[in-house]
Structure formats: structure tokens, C-alpha cells
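Order of the sequence lines fixes the chain letters, A, B, ..., with proteins taken first and strands second; residue numbering starts at 1 for each chain. Values below: all heavy atoms of this structure, side chains included; hydrogens, waters and symmetry mates excluded.
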4 protein chains.
Amino acid sequence: MKFAMIGLGKMGLNLVKNAVDNGHEVVAFDLNADFVKEATDYSASIEGASDIDDMLSKLPSPKAVWVMVPAGVPTNSTIDTLIAKMDKGDIIIDGGNSNYKDNLEQNKRTTAAGIKFFDAGTSGGMNGARNGGNFMIGGDDAEAWQVIEPLFKSIAEEDGYLYTGRLGSGHYLKMVHNGIEYGMMQAIAEGFEVLEASQFDYDYEAVSKLWNHGSVIRSWLMELAEEQFAKDPHLDAIAGRMHSSGEGKWTVQESLDLDVPAPVIYLSLAMRYRSLQDDTFTGKVVSALRNGFGGHAMDAAK
Amino acid sequence: MKFAMIGLGKMGLNLVKNAVDNGHEVVAFDLNADFVKEATDYSASIEGASDIDDMLSKLPSPKAVWVMVPAGVPTNSTIDTLIAKMDKGDIIIDGGNSNYKDNLEQNKRTTAAGIKFFDAGTSGGMNGARNGGNFMIGGDDAEAWQVIEPLFKSIAEEDGYLYTGRLGSGHYLKMVHNGIEYGMMQAIAEGFEVLEASQFDYDYEAVSKLWNHGSVIRSWLMELAEEQFAKDPHLDAIAGRMHSSGEGKWTVQESLDLDVPAPVIYLSLAMRYRSLQDDTFTGKVVSALRNGFGGHAMDAAK
Amino acid sequence: MKFAMIGLGKMGLNLVKNAVDNGHEVVAFDLNADFVKEATDYSASIEGASDIDDMLSKLPSPKAVWVMVPAGVPTNSTIDTLIAKMDKGDIIIDGGNSNYKDNLEQNKRTTAAGIKFFDAGTSGGMNGARNGGNFMIGGDDAEAWQVIEPLFKSIAEEDGYLYTGRLGSGHYLKMVHNGIEYGMMQAIAEGFEVLEASQFDYDYEAVSKLWNHGSVIRSWLMELAEEQFAKDPHLDAIAGRMHSSGEGKWTVQESLDLDVPAPVIYLSLAMRYRSLQDDTFTGKVVSALRNGFGGHAMDAAK
Amino acid sequence: MKFAMIGLGKMGLNLVKNAVDNGHEVVAFDLNADFVKEATDYSASIEGASDIDDMLSKLPSPKAVWVMVPAGVPTNSTIDTLIAKMDKGDIIIDGGNSNYKDNLEQNKRTTAAGIKFFDAGTSGGMNGARNGGNFMIGGDDAEAWQVIEPLFKSIAEEDGYLYTGRLGSGHYLKMVHNGIEYGMMQAIAEGFEVLEASQFDYDYEAVSKLWNHGSVIRSWLMELAEEQFAKDPHLDAIAGRMHSSGEGKWTVQESLDLDVPAPVIYLSLAMRYRSLQDDTFTGKVVSALRNGFGGHAMDAAK
């Protein structure tokens with residue numbers, strides 16, 4: 001099918017290449033013209049667009065547009081623009097890491113306009129986007145899903161896409177996926193922390209390789225550990241600062257909204273925040289209290 | 001090679017079958033004679049033994065004995081018996097889920113007796129034991145390791161065994177492996193808990209299948225989730241009581257001994273303990289305190 | 001001073017009695033006329049009102065109204081009503097357990113209307129409200145604060161009130177106070193849980209009494225523990241279901257908004273949620289996974 | 001009564017002064033002769049001893065010795081020495097922060113020797129030791145308890161001592177007291193961390209003072225916070241490194257031995273360990289994994 005992609009960053013460009021490799025035609029647009037050129041240079045099946053109007057004019061009806069720009073304001077304003085410019089029966093796919101609550105709000109407006117709206121969570125990283133991704137797609141219109149399913153089928157890893165039902169359920173599932181990811185990563189990392197502190201001397205590349213061959217904890221994350229330890233056996237080159245991009249936090253927030261305990265996912269997130277603090281007021285207060293009752297020495301501030 | 005297996009339970013018997021399938025000869029012993037018969041019925045390469053003396057008499061020197069009985073007292077007393085009956089140069093492999101601290105103690109006595117001692121942690125479950133397991137083997141004598149390496153190579157998944165160095169390091173690594181396993185399982189489970197509480201209606205078999213095809217969290221544990229949801233889509237038949245067999249606890253205890261934080265592994269364990277409590281004294285105290293200051297109603301005991 | 005109280009529940013009525021005991025005059029209003037009667041029966045200094053208009057008509061200018069109704073919709077709609085009916089220079093005090101974010105929104109409208117707005121968090125329970133409470137009061141107009149300070153001074157425990165600065169800071173401080181309260185309660189309760197599970201046999205009333213006389217953990221919460229254990233030595237009559245009314249959750253949500261770790265406050269909340277679940281999907285999933293790889297038995301659902 | 005004190009550090013010396021102020025006579029011994037001199041200079045009721053034999057020779061029978069030296073090896077070897085030198089009917093009080101498991105072992109030997117053994121946990125800090133402490137005393141011989149009760153009664157805060165029953169139960173209760181203390185401190189500290197990160201600007205001395213006058217969280221720890229904030233309003237002079245001296249860890253270890261969840265006490269301890277790490281291997285592993293799947297930048301090691 002022919003569709004448009006807005007956003008040609010590391011994920012969007014790889015998805016476009018993946019799509020044309022699989023026989024689709026793409027109208028590619030990005031605010032950065034260099035990115036558009038990089039896309040059109042890749043294949044004659046990719047047509048560049050100079051702006052959103054130009055992009056839309058190059059699509060057959062019903063027009064289908066995939067939005068793959070940063071989550072939050074960029075995605076939301078892009079979708080607002082599209083709602084204003086697109087027609088009844090057209091299709092918008094939000095492929096970013098959007099919060100499902102934003103999608104639920106947008107869905108009121110797309111529904112009013114007769115536009116078919118899908119929220120597609122994407123996992124698998126850049127390599128997945130390029131060679132076979134993992135997609136969780138929600139949308140209220142199951143018929144319109146039939147129109148775009150072939151696209152997802154062709155660019156996904158085999159069995160790597162799922163229509164999850166109601167609008168919002170795609171990004172919701174991706175959010176929870178990321179929450180699980182946080183917890184799995186922290187669990188793996190704590191294990192290596194214990195090994196590092198232990199009386200034994202392990203070769204972490206060999207350990208992670210071993211664990212990927214028949215152990216209960218074999219996983220793609222452990223394969224990534226193996227690759228990273230192969231490059232830097234003790235990770236000496238990097239600091240243990242753990243950034244995050246929001247979906248772990250959303251999972252915790254959602255668990256709070258639902259009154260459901262999620263201690264492992266919470267702690268995975270909290271330890272990330274802790275890793276970004278050089279010192280803590282918490283620590284100062286505890287240290288001051290210990291001094292207060294027991295005369296325990298307080299370390300001086302650096 | 002020819003070796004003896006003590007303990008023909010679900011793990012030991014599968015390992016014996018795996019070994020003879022791969023050309024080894026086994027002298028099989030278990031306190032339960034029915035288990036011995038089940039083993040000898042499987043293959044002419046398996047010889048039964050009526051007791052430990054009989055078993056040892058059927059082995060060529062240096063004799064190699066693999067102990068695969070329950071961890072703790074059964075394993076420890078079996079090893080003590082073997083130390084008393086075996087000779088300098090003989091080999092003992094502790095294949096159970098032993099605590100590495102027990103192994104460090106035993107190693108003093110095996111070393112004094114000139115017996116080569118190995119601690120072999122085993123992962124991969126029953127299926128791994130039968131068709132290709134995952135082994136982490138420590139032992140102070142790297143030369144003696146050469147003698148038994150072919151055995152492990154033949155019964156392991158490809159690349160599924162590792163000689164980890166000093167005695168104790170095998171079970172230590174297995175212990176940490178299980179700690180990671182606890183954390184990964186709890187992370188996965190919390191994710192499904194959020195999905196279950198959510199406003200959306202997911203097909204968990206489809207979700208776990210999806211996540212196994214290209215997502216960041218693809219893993220053997222997620223494949224097991226897929227299998228279990230295929231059998232019981234909402235796990236209605238089972239209770240959420242999470243038992244544990246010790247190695248997660250040991251990992252937490254080790255982290256405490258090392259003054260290392262391991263919050264996700266700890267919480268995975270603590271939530272298991274919590275799942276086995278019908279009610280908690282903690283909850284009663286908190287409820288009573290809330291009543292004390294705010295007059296909040298307390299629920300009556302059942 | 002003369003002021004109006006809207007809301008004559010367990011907190012509001014006690015505050016009214018406290019105020020008139022200290023020489024103030026009160027116009028008392030509640031949707032429930034019985035509550036109004038109960039108030040006016042208490043003292044000639046309490047005048048009943050039949051509705052908000054009646055109430056306002058009985059106040060001298062600048063009029064001061066204290067809102068003490070349930071947090072959320074009841075408080076917010078009451079404040080909206082007051083904004084519409086009150087004049088420039090009048091004073092509104094939100095004394096409920098409101099979320100400070102609601103106050104920040106309301107403050108835009110009160111500011112536009114020239115109404116002086118204060119958010120007063122209240123601690124100390126019913127007894128405090130009656131005999132000397134604890135108040136944290138925010139408000140942008142430090143001059144107007146002078147007008148109402150004498151009221152707070154007279155009904156607070158000595159040194160038991162604080163003007164905390166900008167509007168919102170009062171309820172914010174109360175929110176954090178409650179977060180701390182959750183953590184302290186859970187810490188105390190976990191300690192008693194360990195005692196209860198221990199090999200020793202303690203008299204909890206005696207223990208909490210002891211701890212209130214010279215120990216590091218002496219506290220009002222421990223005094224409440226002593227009182228409760230005096231009534232029911234093992235808390236046999238009550239279930240360990242820990243309800244919550246929102247401010248602990250808000251504290252955790254705020255910590256997430258601020259990217260700050262608050263693991264103890266979070267866990268205090270999460271264990272409350274857990275206490276309200278009879279069984280968990282988390283537990284079912286972990287149990288099913290253990291069965292999947294190790295053949296471990298699963299407990300049947302009840 | 002007349003008794004001996006071994007160990008004249010900050011706790012022991014204060015207890016000795018407290019005891020003689022209350023009419024007791026003390027034979028004081030410490031390996032450091034300067035400490036002995038400091039004690040004997042204080043009062044004519046304090047007699048110095050040059051070694052343990054000298055000390056014992058100065059006591060009437062039945063002899064009573066209070067051991068107040070650092071927990072672990074120093075306390076345990078001192079008790080061993082005393083067992084060897086003391087007679088049937090004599091009394092040993094272990095007043096240090098000993099692990100109750102050590103006491104249970106020692107009790108076998110004291111019982112065999114007919115020596116009356118007590119384990120006395122002490123709370124209240126140095127000031128308590130000097131002016132009225134808090135004591136939890138276990139010991140199998142309730143009759144012998146009658147002999148020493150007057151001593152404890154006179155040096156304790158009113159109602160500040162409790163005979164807790166079986167030997168070991170005193171230090172056990174003190175251990176749990178400290179576990180609660182860890183949790184309460186961390187809860188308080190997390191609250192101030194949220195305040196510090198918030199959009200508001202609080203005076204922490206004023207806040208803690210307020211909270212000590214009528215709020216639910218009023219407590220001695222909050223009074224200590226008030227004192228410390230009075231000295232250093234933002235604790236700028238100190239680092240947030242939280243040391244610990246063992247009893248919090250023992251409480252967690254005990255909870256693990258009992259299969260009881262104690263998440264808040266555990267997290268309080270784990271965050272202390274975390275505060276002593278400049279960087280973490282956990283963080284490096286998580287950062288490397290994020291880079292592996294998402295190309296997320298890793299911060300360089302310092």
C-alpha cells in the first residue's frame with residue numbers, strides 16, 4: 001500500500017526502508033529536509049514531501065499517515081494538524097511512544113471527524129524497525145484495521161504484530177511492555193552487581209553467553225548483555241547513570257491509578273532516579289538523625 | 001565416560017538418560033529401588049546399584065560420582081559418606097541446588113582427602129536435563145575439570161556449560177541466576193497484573209506470543225507464559241500462591257552480606273512470602289493505628 | 001473573630017467547638033440540618049445557617065469562610081459556589097484534605113475575583129481538632145494571613161500552626177506529612193510482624209509502652225499502638241486490610257513527577273493495596289511460570 | 001547494689017554515672033586506663049579496676065557484671081572470659097548491641113556453669129544512658145531478674161525498662177526496635193526529600209517544629225530533625241552517606257529466616273547501602289542494555 005510517514009528519525013527512517021523493501025510505497029516527510037533526502041535516496045519507492053499539505057496531496061484516498069515523531073507535544077500537535085487537514089475515512093497511525101491517555105483524548109476528535117485512528121506501540125529497537133519489528137495496535141474500527149494489517153504484517157517479525165482492540169490499547173500494552181522491561185533489566189543488573197561484589201571472579205561475557213544457552217533466564221536482554229560485555233568486559237568506560245524516557249513511569253502511575261501494587265517495576269524506576277542523584281537530601285536527613293540520637297559521625301559534604 | 005549418579009528424581013533420571021543417549025555409561029543409584037529399575041529399564045548402558053558401596057565397586061578408577069539429591073541435609077550427608085568411602089584422585093560432583101557456603105566447607109575435607117570436588121549448578125529445568133541443560137561448574141582443580149568436561153559438553157545445550165573457576169563459584173552463579181529469575185518473573189507478572197486491572201481486555205496468550213516475536217522482552221520465561229496462558233487463558237484454575245525453594249533467598253542474604261542493594265530481587269522474594277499469608281499482622285497494626293488517630297473503621301477479622 | 005464553617009462532620013464540628021471555646025463566633029452550615037442543630041446546641045456563639053446565602057448574610061465583611069467538606073468534588077464545587085457569591089477582600093479557607101493541584105487551579109479564579117484564598121492542611125485527628133490541632137496554611141496574601149492567624153493560634157496546639165507561604169504549600173505539606181505517616185506506620189507494623197513471627201512471646205502492649213518511655217522510636221503513633229494493644233492484645237478482632245484515603249498516593253505521584261525516589265513511602269502504599277487483594281494475578285503468573293520450567297506444583301484456586 | 005561495668009565508652013560511662021547518681025556502687029573497668037580514671041574521678045562510689053580479676057575481686061557475691069563493649073568479637077570474648085572466671089549464681093548482663101543468636105549460644109555455656117545470664121538491649125542514645133535510658137532485658141532466670149531489676153528501674157526513664165522473658169528476647173526486641181527506627185527515619189527523610197525537590201520553599205526547622213506540636217507524626221526523631229535543622233537549615237555541611245551498625249541488617253535477615261515480608265525495613269537498609277556507593281555496576285548494566293536495544297547514549301565514566 002501507499003502511505004505517508006511523518007518523522008524520519010532513527011525509528012521512522014528504518015520503518016520506511018523496511019516498508020519499501022517489502023513492496024510498499026511511501027511519501028516521506030520530516031521537518032529536516034536532509035532526513036527527507038536520506039529517505040528518497042534509498043529507493044525510488046520513496047517520494048519526498050516538502051510539507052504536510054504536499055505530503056497529503058501525494059496520497060491516494062483513503063489517505064493513510066503514520067506519525068513517528070517524539071511523543072508528547074510533537075506527536076500531539078502533528079495529530080491535531082492532521083485532523084484538521086484530513087477527511088472522513090482517512091487513517092492516522094500514531095506510532096510514537098505516546099501516552100494512551102493522550103490517544104483517548106485525540107480519539108474523540110478523530111471520531112467526530114470520521115477519521116480512523118490507530119495507536120501503534122512499537123518494540124524491538126532500531127534493528128526491529130529495520131528488519132522486523134514488534135507492533136501492538138489499537139483502534140476502534142476493526143474494518144479499517146483490515147486495510148492496514150497487510151502493512152504491519154509485512155514489516156513485522158513473523159507473528160510480531162497484534163491488533164489489541166479498542167483505541168488506546170496499543171500504546172497501553174507498549175507501556176506495560178516497557179514496565180516489564182524496566183523490571184527485567186534491573187533484575188539482570190542486580191544479579192551482576194552481586195557477582196561483581198562477590199569473592200569470585202567471573203567473566204561476564206562468558207556468564208551471559210552461558211545463560212543464553214539453555215538457562216531459565218535466556219532472553220534478548222541477556223543477549224544484549226553478552227554483546228555489551230564483549231565490548232567492555234567490566235563496563236569501565238561508562239557511568240551507571242540510568243536515564244529513562246517515560247513509559248516505565250507511566251506504568252507505575254497507571255498501577256497507582258488502579259490501586260495495584262507493582263513494587264518491582266516501581267523500584268526499577270526509583271533506582272534509575274537515584275542513579276541520577278549525586279547526593280540525596282534523604283541521606284543527609286538520615287545521617288543528621290543518626291548523629292542526633294547516637295552521636296554517630298556525619299560525613300562532610302564534598 | 002563411565003560415572004555414577006546418586007539420586008534418580010526428576011532431574012537425576014533425565015540427566016542419566018541424556019548421558020547415555022550421548023554415549024556415556026552410568027551406574028545409577030537411588031534409595032528408592034523403583035527409581036533404579038526405571039533407570040536400568042531405559043538402557044543397557046545404565047547399571048543399577050543396590051547401595052553406595054555397590055555403586056562405587058562398579059566404577060573404574062578414578063571414580064566419578066554425581067550427586068543429584070535434594071539440597072541441604074540429603075546432599076551434605078551423601079557427600080560426607082562419599083568422602084569417607086572414596087580415594088585420592090576420585091571425583092565428586094555436587095549437582096544439586098546447594099548453598100555455596102556448604103560447598104566451601106565440604107571442600108576443606110575433600111581437599112584434605114585428595115578428592116577432586118566440583119559444584120555444578122544446573123538450570124534449564126527438566127526438559128534441559130533431558131535434552132540439553134545449562135551447567136555452571138566450579139572446582140579448584142582445573143586439570144580434573146578436563147576429565148569431566150566432555151561429559152558436560154555432551155549433555156549441555158550447545159555453549160550451555162561454563163567452568164567458572166574456584167570451588168563454590170558454580171553454585172554461587174546458579175544462586176544469582178535464580179535471583180535474576182525471581183526478578184524477571186515478578187516483573188513479567190506485575191505487567192500482567194496491570195493489564196488485568198486495566199480498562200482494556202487483552203488476550204494474554206496472544207500478548208505473550210506477540211512479545212516473543214521481536215519485542216525487547218522476548219525470553220524463555222515469556223514463552224512459558226504463552227504456553228500457560230494457552231492452557232488456562234486467565235489462570236482461573238490456580239491460586240496466586242508463590243512458593244520458593246531457597247536460592248532467591250540466598251541471593252538476597254548474599255547481597256546483605258556484601259552490603260549491596262538488590263531491591264528488585266528482594267521485593268520479588270518478599271511478595272512471594274506475602275502471597276503465602278492469608279492475613280498479616282502488619283496490616284492489623286496499620287489498621288489499628290489508622291483507627292487510633294482518625295477514627296477510620298477497621299474491618300472485622302473473618 | 002466571626003467566621004463561617006461549611007461542613008460539620010467529625011472534623012468540622014470539633015473545630016467549631018474548639019473555636020467557640022476559644023472566644024470565636026461561628027456561623028455553622030451543613031447540608032445535613034441535624035448537624036447544624038448539633039452545632040448550635042453546643043453554644044450560643046454558634047449560629048446556624050440554612051444555606052450558603054443565609055450563611056454569608058450572617059457574616060461581617062470581610063467575610064471569612066472555612067470549608068471542611070470531603071476532598072475532591074464536594075470541596076471543589078463548594079469553593080466554586082463561594083467564588084461566585086463572595087466579594088473582593090473576602091476570605092476562603094480550604095481546610096479539607098485537598099490536592100494542592102486543585103488549589104492551584106482555584107487560586108487563579110480567587111485571585112481574579114480578589115478573594116483571599118488559603119489552603120489549610122490539618123493533622124492531629126479528631127482529638128486535635130477538638131482540643132488543639134496542627135495546621136499548615138498556605139496563601140499568597142501574607143497580609144490577609146494576619147487576619148486569620150489569631151484564629152489558628154487559638155485553636156492549634158501550642159506551636160501547632162505554620163504559615164507556609166505560597167498558596168498550595170499548606171496542602172502540599174500536609175500531603176507529605178501523610179506520606180511520612182504511611183512510612184512510619186508501615187515500619188512500626190513490620191516490626192511487630194517480625195515479633196509476631198519470632199520464637200519469642202512478647203506482650204505488645206508492654207513493648208509499645210516501653211518504647212514510648214525513652215526509646216529512639218517513641219512517637220504518638222507508638223502511643224496509639226499501646227492504646228490499641230491494650231484493647232486487643234493480638235488484634236484478633238480485626239483484619240489486616242489497610243485502607244487509604246489518598247494523600248499517601250499523592251505523595252508517591254508527586255515524587256514521580258519530581259523524578260525523586262521514595263521507596264519506603266511507595267512500599268507503604270503498595271502493601272496497603274496488596275492487603276485489599278484476596279488473591280493476585282501476579283501470583284498466578286509467577287506460579288504458572290514456575291510450573292512451566294520446573295514442574296513445581298501450583299496451588300488450586302479456592 | 002554494687003556491680004561491675006566493663007567498657008567505659010560513650011554508653012558505658014554514662015550508664016555508670018547514671019547508676020551512681022542513683023545510689024549504686026560501681027567497679028569500673030576498661031582496657032583504656034584513661035577511661036577508668038575518668039570514671040573514678042566522677043564519684044567516690046566508682047572504684048577502678050586494673051583487669052578483670054581485680055574487678056571481680058572487688059565485687060561481693062553473687063557478683064554482677066555488666067558488659068558494655070562493642071558487639072561481636074569484643075563482647076563475645078569478654079563473656080567467654082567471664083564464664084571462665086565467675087561462679088555459680090553470679091550474674092552477667094550483656095548490654096551491648098549483640099546479636100541474639102550469639103546470646104543463645106552463650107546461654108548454653110552460662111547455663112552449664114550455673115551463671116545467670118541476661119541480654120539487655122539499650123535504646124535512648126547517650127542522653128538516655130546518662131539521664132534515663134530504655135532497656136529490654138531477657139534472661140531465663142526470672143528470680144535472678146528480681147536481683148537486678150532495682151538497678152534497671154533506677155537508671156531507666158520512668159516505665160523505661162521491660163523484662164521480656166526468655167534469654168535472647170531482650171536483644172531481639174532491641175534489634176526489631178532498630179529495624180523500626182530505620183524505617184521511620186527513611187520515611188521522614190523521604191518526606192523532606194520531596195519537600196526539597198518541590199516547587200515550594202519550606203523552612204525545615206519550622207516544619208519539623210510544627211510537626212512536633214500536635215501532628216500525627218510527632219516523635220522523638222522529628223524532634224531531632226528540628227534540632228539538626230536549627231543547626232544547619234539545609235544540611236549543607238554534610239553528605240548524604242548513611243552508615244549503619246548492623247541491627248537493621250539483622251532485622252532484615254531475621255525476616256528472611258522467618259519468611260516474613262519487611263519491605264520498608266529492607267528498603268531503608270538498601271538505600272543506606274546505595275548511599276555509600278559512588279557508582280553502581282547495576283547502573284552500568286542497565287545503561288549498557290538500554291544502549292543495546294535503543295541506541296540510547298551512555299554517560300561516560302568519570
#### Entry: Heavy-atom proximity to chain D below 4.5 Å, by part of A/E181
side chain
### Task
Under 4.5 Å, counting heavy-atom pairs only, tell me which of A/L267, A/I238, A/L224, A/V194 racks up the most with chain D.
A/I238
### Query
Of the backbone (N, CA, C, O) and the side chain (C-beta and beyond), which part of A/Q186 lies under 4.5 Å from a heavy atom of chain D, both, or neither?
both
### Summary
Note: vs chain A, highest number of non-hydrogen pairs under 4.5 angstrom among D/P263, D/S287, D/G124 is D/S287
### Test item: D/Q228 side-chain N/O and A/A288 main-chain N/O as donor-acceptor pair under 3.5 Å
yes
### Contact origin within A/L195 toward chain D - heavy atom pairs under 4.5 Å
neither
### Query
How about D/T282 and A/M271: do any of their side-chain heavy atoms sit closer than 4.5 Å?
no
### Task
Go through A/Q277, A/R272, A/M11, A/H296 and name the one with the most non-hydrogen pairs under 4.5 angstrom from chain D.
A/R272
### Task
Heavy-atom pairs under 4.5 Å with chain D are the metric here; pick the option from A/L221, A/D232, A/L235, A/D278 that has the most.
A/L235
### Task
Between chain D and each of A/E190, A/K231, A/H243, A/E223, count heavy-atom pairs under 4.5 Å; write down the option with the most.
A/H243
### Message
More than 12 heavy atoms of other residues, nucleotides or ligands under 6.0 Å from CG of D/D201: yes or no?
### Response
no
### Task
With a 4.5 Å cut-off on heavy-atom pairs, point out which of A/G128, A/A189, A/G294, A/G292 contacts chain D the most.
A/A189
### Message
Can you confirm whether A/K17 is buried at NZ, in the sense that more than 12 heavy atoms of other residues, nucleotides or ligands lie under 6.0 Å from that atom?
### Response
yes
#### Entry: When A/A197, A/S275, A/A237 are compared by non-hydrogen pairs under 4.5 Å with chain D, the top option
A/A237
### Task
Check whether A/N291 gets within reach of chain D through its side chain, its backbone, both or neither, counting any heavy atom under 4.5 Å.
both
### Query
Which pair of non-hydrogen atoms, one from D/K284 and one from A/H234, has the smallest distance, and what is that distance?
CD-O, 4.4 Å
### Message
Minimum heavy-atom separation for A/F229 and D/F281, please, with both atom names.
### Response
CE2-CZ, 3.9 Å
### Task
Kindly give the heavy-atom pair with the smallest separation between A/D279 and D/A239, and that separation in Å.
OD2-CA, 3.5 Å
### Query
Hey, does D/V286 have a side-chain heavy atom less than 4.5 Å from the side chain of A/Y182?
no
#### Entry: Non-hydrogen side-chain atoms of A/M242 and D/R290 separated by less than 4.5 Å
no
### Task
Using non-hydrogen atoms and a 4.5 Å limit, figure out which bit of A/S244 sits close to chain D: side chain, backbone, both or neither.
backbone
### Query
Within a strict 4.5 Å, meaning less than it, do heavy atoms of the D/E193 and A/V285 side chains meet?
no
### Query
Roughly how far apart are A/W220 CH2 and D/L289 CG, rounded to 0.5 Å?
10.0 Å
